[in-house]
Structures are given as structure tokens and as C-alpha cells.
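Worth knowing before you read on, the calculation uses all heavy atoms, side chains too, and leaves out hydrogens, waters and symmetry mates. Positions are given from 1 along the sequence. Model, not experiment: these values are computed from the prediction.
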Amino acid sequence: MENDLERYAIAIIVVFGALAVGGLMAAGIAAGDRSTFLYALGAATAAWVAGYAMVFGLPRLLAVLILVAVVMAIASTVAFIT
């Protein structure tokens, strides 16, 4: 059971943190927009910590961290557009 749990946590860290938010960070750096980059960095950090919340079996913290990551990714996108 623990191996499945760790596999899902790694999937959250890699897929959400590295691919989706990494693209936002790259866009912020390329455009020279500091707020876009910092929001994306915050989203990546929240998603990274969410993986640990899943490993340690903290479902409410996991939900809050995923919500924070999604909100910060949206804020990063909005900051990039404007």
C-alpha cells in the first residue's frame, strides 16, 4: 500500500510541479515579469509540499495545498496576461 501512495505523491510532484508550473516559470523569466515567476514558484512549492502531505496521510492539508497551488497558478497566468 505504501508504494502506491508514494507513487501518487511523486506523480503530483513531477507532473504538476515540473511540467505545468515550470512552463509558467519559464514564461515569467522570458517575459521579465517578476510577479508571474513568483506566483508560479509559489504554486510549484505548494504542489511539492502536497506530495509530502500525501505520503504522511494528511488529506485536509493535501486539499488545502493543492487549492493553494491551483490559485497561485491561476494568479501567475493572470499576471502574465495583464
*With ILVMFWY side chains joined below 4.5 Å, transitively, what does Val68's cluster contain besides itself?*
Tyr39, Val64, Met72
*In chain order, what residues pass the ring-ring contact (aromatic ring centres under 6.0 Å, His included) check against Tyr52, with sequence neighbours excluded?*
Trp48
*If you group Ile, Leu, Val, Met, Phe, Trp and Tyr by side-chain heavy-atom gaps below 4.5 Å, do Val70 and Phe80 land in one group?*
no
*Considering all heavy atoms of both residues, which atom of Thr36 and which atom of Ala79 are nearest to each other, and what is their separation?*
OG1-C, 3.4 Å
*Following the transitive rule for hydrophobic clusters with a side-chain heavy-atom cut-off under 4.5 Å over Ile, Leu, Val, Met, Phe, Trp and Tyr, establish whether Leu61 and Leu67 coincide in one cluster.*
no
Show me the donor-acceptor pairs within less than 3.5 Å that the side chains of residues 23-31 make with the rest of the protein, sequence neighbours left out.
none

*Where is the tightest heavy-atom contact between Ala50 and Ile66, given as atom of each residue plus distance?*
CB-CD1, 3.8 Å
*Tell me whether Val71 is reachable from Val49 by hopping between hydrophobic residues (I, L, V, M, F, W, Y) whose side-chain heavy atoms are closer than 4.5 Å.*
no
*If you look at every heavy atom in Ala69 and Ala43, which pair is closest and at what distance?*
O-CB, 3.4 Å
